[in-house]
2 protein chains.
Amino acid sequence: MIKNSDLEKENFNVWLIEDNLHFRRTINGLINQTPGMKCSNAFETCEEAISVLETEFPPQVILLDIGLPGMTGIEGIEKFKMLSPSTHILILTIYDDNEKVFDALCAGASGYLLKDSSPDKIIGAIEEVLSGGAPMSMQIAHKVLEIFSNLKPKKNDYGLTDRESEILKLMVSGLTKQLIADQLFLSFHTVNTHLKNIYVKLHVNTKSGAITKAFKENLI
Amino acid sequence: MIKNSDLEKENFNVWLIEDNLHFRRTINGLINQTPGMKCSNAFETCEEAISVLETEFPPQVILLDIGLPGMTGIEGIEKFKMLSPSTHILILTIYDDNEKVFDALCAGASGYLLKDSSPDKIIGAIEEVLSGGAPMSMQIAHKVLEIFSNLKPKKNDYGLTDRESEILKLMVSGLTKQLIADQLFLSFHTVNTHLKNIYVKLHVNTKSGAITKAFKENLI
DNA sequence: ATGACAATCGCACGTTCGTGGTATATTAAA
DNA sequence: TTTAATATACCACGAACGTGCGATTGTCAT
């Protein structure tokens, strides 16, 4: 292996995965024009990149599109992260919908840029990611916070009493009516009554339904 | 009300809540030196700001510290967002632990800066937030993505088959064994057998247990 | 071709659950 | 003081569940 020769030292290596030929060439050129950076590989699909990853050293950064033929970028992130956890993956795509953003970041992307970003921004983002940051386009950062604020849903209030909430928790934790009764030093019948009331308030009619609702609406 | 007089037009109004006198004066001066911005109020506590909010127009932006006497900044965010949903809240604090960041962003903050940010960064962040962005210090953005990638826990693999996962989903959605059978055009007995196998694989022995596990471990 | 696995189907028995009632004591609000 | 809400307790019956035993079929890799 004479891969990392003198010529390459201090050069950060970037791979590019992008199915659009024109865009691929543009970015490729952009990176190679930047001192200290090198785009050693540019692929059309994740599959190609993965096969090369078996024989070559992984790059510091992968610039990754999402809308790709075959394996999507999202799926790709997971593969790359498994094969080379230290490689930073920077999404560069046109998609700005919540789901794609959410999935990409959950999968382990280190940044998310939209394709309308200026060349400066793109190079700046690569540098930022290399120094431990998490570059995002303005709209994406905004979406991320939006996702966050929806994450903690305003506890839907079904008017459960304290006792009922307490029993719901124990129910979620997997206890039977009898065991809940034992735990709270109550009669089985009392727990039974509480459960009936909980079901009415949550509009369900099974333990399972109550548990599902408890999780979906953060009642736990 | 002659509040928004000619003098103020095109001036964005910023409030500052910060208990450290020195820092408060510094930031106050910084904002007022910036053309197009005005820091009309600087408070030591959220409580003071809230009381003033009852008589004055809310600002476009509130620069908010977290470590405050009395009501914490996190609690403050919720109050402010209730009283004036359109006001952007920009956290400016020394705290960079996951919990504070998570809570602040969940509560509806529009950005999160650390106090070691340069004056330029702070002013730039205010501008960014006003134009719909979500400014974050580099470390914070990184933490945010970190939180994201922990959000979707690596699907613990209990070796459920496709059929079993499918049935688990229906179970979570609240169906009884018989209804699951109907849905999938299977015999009741088949579903029963699948459930038995699911229970073994998930190490549970009730529907409720399976559902709880499905939620907690993201098997859905 | 043998074995491992997945998916399908069957029965029986005991346990737990869901639901229809009823009832009492305490507390807080009207 | 009456009313409403909460927490407590009891019973009975049918429905649903959990589990122990089977079984047949197809697929796929060794």
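So you know, we letter chains A, B, ... as the sequences are listed, proteins then strands, and number each from 1.
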Worksheet entry | A:Asp65 with A:Lys115: basic N within carboxylate O range, under 4.0 Å |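 Counted as a salt bridge, because a side-chain N and a carboxylate O are separated by less than 4.0 Å.
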For residues 164-172 of chain B, which side-chain donor-acceptor pairs fall under 3.5 Å, sequence neighbours excluded?
{"from": "B:Glu164", "atom 1": "OE1", "to": "B:Thr161", "atom 2": "N", "distance (Å)": "2.9"}
{"from": "B:Glu164", "atom 1": "OE1", "to": "B:Thr161", "atom 2": "OG1", "distance (Å)": "3.4"}
{"from": "B:Glu164", "atom 1": "OE1", "to": "B:Lys201", "atom 2": "NZ", "distance (Å)": "2.8"}
{"from": "B:Glu164", "atom 1": "OE2", "to": "B:Lys201", "atom 2": "NZ", "distance (Å)": "3.4"}
{"from": "B:Ser165", "atom 1": "OG", "to": "B:Thr161", "atom 2": "O", "distance (Å)": "3.1"}
{"from": "B:Glu166", "atom 1": "OE1", "to": "B:Arg163", "atom 2": "NH1", "distance (Å)": "2.8"}

In whole Å, I'd like the distance from the [atom1] atom of [X] to the [atom2] atom of [N].
X        : N      : atom1 : atom2 : result
B:Ile167 : D:dG18 : CD1   : P     : 14 Å
B:Leu179 : D:dA15 : CG    : C1'   : 12 Å
B:Asn197 : C:dA7  : CG    : C1'   : 10 Å
B:Ile198 : C:dA7  : CD1   : P     : 10 Å
B:Glu166 : C:dA6  : CD    : C1'   : 14 Å
A:Leu160 : D:dT6  : CG    : C1'   : 13 Å

Item to complete: Going 5' to 3' through nucleotides 9-28 of chain C, assign each nucleotide B (protein heavy atom under 4.0 Å from a base atom), S (under 4.0 Å only from sugar-phosphate atoms) or - (no protein heavy atom that close).
Response: BBB-----SBBBB-------
Worksheet item: In B/S/- notation, 5' to 3', how is nucleotides 25-30 of chain D contacted by protein heavy atoms closer than 4.0 Å?
Response: ------
By side chain to side chain contact (heavy atoms under 4.5 Å, CB included) - contacts of [X] (at least two apart):
X        : value
A:Pro69  : A:Asp19, A:Thr45
A:Pro58  : A:Leu53, A:Ser84, A:Thr87
B:Thr206 : B:Ser208
A:Ile74  : A:Ile66, A:Thr72, A:Asp103, A:Ala104

Discussion item. For a quick test of reading the model: is some side-chain N or O of B:Thr161 closer than 4.0 Å to OP1 or OP2 of C:dA7?
Written reply: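 Affirmative; the distance criterion is met.
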Tell me every residue that passes ring-ring contact (aromatic ring centres under 6.0 Å, His included) with [X], counting only those two or more places apart in sequence or in another chain.
X        : result
A:Phe102 : B:Phe148
B:Phe215 : A:Phe215
B:Tyr95  : none

Worksheet entry | Results of side-chain hydrogen bond (donor to acceptor under 3.5 Å, both in side chains) for A:Asp182 - residues two or more places apart only |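 With neighbours one apart ignored, the set is A:Gln178.
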Practice prompt. Have a look at the helix from C:dA1-D:dT30 to C:dA30-D:dT1 and give the angle its two end axes make, five pairs each, rounded to 10 degrees.
Written response: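 Rounded value for the end-axis angle: 50°.
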Fill in: A:His194 and A:Ile180: CA distance, side-chain angles, deciding distance, side chain to side chain contact (heavy atoms under 4.5 Å, CB included) verdict
CA-CA 11 Å; A:His194 281 306; A:Ile180 295 175; over 6 Å; no
